[in-house]
Asker: 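Okay, here's the structure, questions in a sec.
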Amino acid sequence: MRTKRILILGGTRDARELAAGLIAKGFDVVTSLAGVTENPVLPPGTVRRGGFGGVAGLTSYLGALRIAVVIDATHPFAAQMSAQAHEACRQSGVPLMRLERPEWQATDEDRWTIVHSAAEAAAALPAGARALVTIGRKEIGPFFARSDVSGVARMIEETPAPATAGWRVLRERPPFTLEAERRLVLDEAISHLVTKNAGGTVTDAKLTAARQLRIPVIMIARPAKPATPSFTTPGALIDMLLGMHSP
Ligand code: NAP
């Protein structure tokens with residue numbers, strides 16, 4: 001019998017861990033990356049890069065490669081890819097599952113303002129604020145447009161929008177320690193943290209630093225995604241797949 005081929009829609013650390021775990025169990029794994037990151041950390045197994053060309057492109061890819069299962073392990077904020085995967089799998093009759101880290105939750109000691117977009121987050125900063133903005137490069141424009149606000153925009157890749165007066169771009173890749181996050185907040189005299197609710201433990205030290213230093217947080221909530229069977233850890237998803245399919 002042919003080995004089951006699994007398509008992972010990747011771009012996250014969990015997707016890499018999932019690929020390694022599935023390969024160890026004998027599955028044939030293809031990970032798809034959007035191709036927008038300059039030097040991505042590559043998962044084991046086959047890797048393809050670049051968009052599929054919408055729902056129609058993904059549907060024909062699933063048929064051509066005889067994909068048995070699709071796992072949407074994209075970042076919680078990659079809403080378009082998740083919606084397209086849902087529709088392509090529905091049309092092709094290929095099972096779809098999602099791997100998604102649980103959301104971060106505010107504690108009683110946190111001061112979060114929840115917003116639904118980067119533009120809303122930028123608008124929520126009071127005049128004179130000094131913000132640490134950790135939302136990636138694509139949506140940094142509304143912050144640089146606030147000439148009455150200054151701060152640090154931290155991102156992995158260079159921003160296409162040049163920093164304006166008062167703003168500094170800090171290019172760094174996670175993980176970050178609590179000590180380093182506290183130092184950054186104090187050294188830069190940060191008054192507000194702006195972040196997306198990515199979840200997970202790799203980038204959550206900034207929330208602990210904000211809590212300890214009593215810094216308010218502007219938290220961008222996750223976009224809605226289509227209802228799909230979801231798992232929070234690679235291990236749980238692999239166990240379920242092994243119960244459903246022998247490799
Ligand atoms: P998006 O807005 O949901 O998707 C935009 C388009 O990019 C999709 O229509 C698709 O093109 C292509 N695409 C996205 N993910 C793909 C994948 N894994 N494989 C092949 N094509 C893909 O996505 P995004 O927010 O720009 O994120 C792009 C990638 O970066 C994702 O893989 C995501 O996991 C990763 N990422 C995103 C964030 C974030 O905050 N958004 C953070 C960390 C990592 P076609 O329509 O041509 O198929």
Side-chain angles (χ1 to χ4, degrees), residues 9 11-15 34 36-37 51 54-55 72-87 96 98-157 159-161 163-164 167 169 174 176 181 185 190-211 214-230 232:
L9 302 171
T12 59
R13 186 180 292 252
D14 283 347
V36 290
T37 306
V55 172
D72 177 5
T74 57
H75 191 270
F77 282 78
Q80 190 176 324
M81 188 68 249
S82 294
Q84 290 176 184
H86 189 265
E87 184 53 23
L96 172 70
R98 185 176 302 140
L99 176 60
E100 195 165 75
R101 294 168 265 169
E103 290 181 297
W104 291 319
Q105 303 289 339
T107 70
D108 290 345
E109 296 154 80
D110 288 313
R111 293 159 62 201
W112 287 13
T113 300
I114 296 175
V115 297
H116 297 277
S117 68
E120 213 186 307
L125 288 168
R130 245 191 98 66
L132 170 59
V133 183
T134 65
I135 63 164
R137 63 180 169 157
K138 278 199 328 191
E139 296 161 303
I140 201 69
F143 296 90
F144 289 172
R146 284 285 307 264
S147 56
D148 58 340
V149 169
S150 63
V152 177
R154 183 167 67 194
M155 56 193 71
I156 295 174
E157 307 257 323
T159 164
T164 47
W167 285 96
V169 172
F176 306 106
E181 297 294 50
V185 167
I190 295 299
S191 65
H192 291 73
L193 169 66
V194 180
T195 188
K196 289 173 167 175
N197 198 331
T201 55
V202 175
T203 59
D204 66 349
K206 62 192 167 198
L207 298 175
T208 310
R211 185 178 309 132
R214 303 190 182 283
I215 300 292
V217 176
I218 316 281
M219 180 65 73
I220 305 177
R222 291 182 178 184
K225 292 198 174 190
T228 304
S230 290
T232 55

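Nothing here was measured: the structure is a model prediction, and the numbers come from that model.
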Asker: May I ask you to test the T113-V217 pair for a side-chain heavy-atom distance under 4.5 Å?
Answerer: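 Counting from C-beta outward, T113 and V217 never come under 4.5 Å.
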Asker: Kindly give the heavy-atom pair with the smallest separation between A118 and I220, and that separation in Å.
Answerer: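 Smallest interatomic distance, heavy atoms only, reads CA-CD1, 3.8 Å.
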Asker: Run the side chain to side chain contact (heavy atoms under 4.5 Å, CB included) check on T232 and R101 step by step: do they pass?
Answerer: CA-CA 5 Å; T232 55; R101 294 168 265 169; over 6 Å; no
Asker: How long is the span from the OG1 atom in T159 to the NZ atom in K138, to the nearest 0.5 Å?
Answerer: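 One finds 12.5 Å between OG1 of T159 and NZ of K138.
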Asker: Examine distances only and state if a side-chain atom of W167 and a backbone atom of V149 form a donor-acceptor pair shorter than 3.5 Å.
Answerer: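 Here the side-chain-to-backbone pair exists.
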Asker: Please tell me if the side chains of E157 and T37 come closer than 4.5 Å, counting only heavy atoms from C-beta onward.
Answerer: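 Result yes, sub-4.5 Å side-chain heavy-atom pair found.
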Asker: Provide the closest heavy-atom pair for A210 versus L193 in the form atom of the first, atom of the second, distance.
Answerer: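 Looking at all heavy atoms of both residues, the closest pair is CB-CD2, 4.1 Å.
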Asker: Do the side chain of R154 and the main chain of V133 share a donor and acceptor less than 3.5 angstrom apart?
Answerer: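 Not confirmed, R154 side chain does not pair with V133 backbone.
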Asker: Between N197 and W104, is there a donor-acceptor pair closer than 3.5 Å when you use the side chain of the first and the backbone of the second?
Answerer: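 At least one qualifying donor-acceptor pair exists.
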Asker: Treating S191 as the side-chain partner and R130 as the backbone partner, does any N or O pair qualify as donor plus acceptor under 3.5 Å?
Answerer: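 Yes, S191 side chain to R130 backbone: donor-acceptor pair under 3.5 Å.
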Asker: Indicate yes or no for a side-chain donor-acceptor contact from T164 to the backbone of F144 under 3.5 Å, with no hydrogens or angles considered.
Answerer: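 It does hold such a pair.
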Asker: Would you indicate whether the side-chain heavy atoms of R222 and F77 approach each other to under 4.5 Å?
Answerer: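 Touching, per the 4.5 Å side-chain cut-off.
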Asker: Report yes if some heavy atom in the side chain of E139 is under 4.5 Å from a heavy atom in the side chain of K196; otherwise report no.
Answerer: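 Side-chain contact under 4.5 Å: yes.
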Asker: Could you tell me the separation between the CD1 atom of I135 and the CZ atom of F143, rounded to the nearest 0.5 Å?
Answerer: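 Reported to 0.5 Å precision, the distance equals 4.5 Å.
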Asker: Find the distance between OG1 (T74) and CD (Q84) and round it off to the nearest 0.5 Å.
Answerer: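 Atom-to-atom, T74:OG1 and Q84:CD are 11.0 Å apart.
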Asker: Less than 4.5 Å apart, side chain to side chain, heavy atoms only: is that true for H75 and M81?
Answerer: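 H75 does not reach M81 side chain to side chain.
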Asker: Is there a donor-acceptor pair closer than 3.5 Å between any side-chain N or O of R98 and the backbone N or O of P226?
Answerer: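 The answer is yes, because a donor-acceptor pair under 3.5 Å joins these two groups.
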Asker: Counting distance only, does the side-chain N/O of T12 pair as donor-acceptor with the main-chain N or O of A73 below 3.5 Å?
Answerer: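 Present.
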Asker: Nearest 0.5 Å please: distance from the CG atom of D14 over to the CG atom of L99.
Answerer: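 Reported to 0.5 Å precision, the distance equals 5.0 Å.
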Asker: In the structure I gave you, are the side-chain heavy atoms of T208 and E181 within less than 4.5 Å of one another anywhere?
Answerer: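 They are not in side-chain contact.
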Asker: Give me the atom names and distance for the closest heavy-atom approach of K225 to P76.
Answerer: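 Of all heavy-atom pairs spanning K225 and P76, the closest is CE-O, 3.1 Å.
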Asker: Do R13 and V202 make a side-chain contact, defined as non-hydrogen atoms from C-beta onward lying under 4.5 Å apart?
Answerer: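 The answer is yes, as the side chains (C-beta and beyond) meet within the 4.5 Å cut-off.
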Asker: So, S230 side chain and T228 main chain: donor-acceptor pair closer than 3.5 Å or not?
Answerer: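 Yes.
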Asker: For W112, does its backbone N or O pair with a side-chain atom of D110 as donor and acceptor, under 3.5 Å?
Answerer: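 Answer holds: no.
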Asker: So, the side chain of T134 versus the backbone of V194: is there a donor-acceptor pair under 3.5 Å, distance only?
Answerer: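 Answer holds: yes.
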Asker: Measuring from K206:NZ to L132:CG, what's the distance to the nearest 0.5 Å?
Answerer: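 The distance works out to 8.0 Å.
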Asker: Are P160 and I140 packed together at the side-chain level, in the sense that at least one heavy-atom pair is separated by less than 4.5 angstrom?
Answerer: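 No; the side chains remain at least 4.5 Å from each other.
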Asker: Salt bridge or not for R214 and E109, using N-O below 4.0 Å?
Answerer: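 Salt bridge flag = no for E109 with R214.
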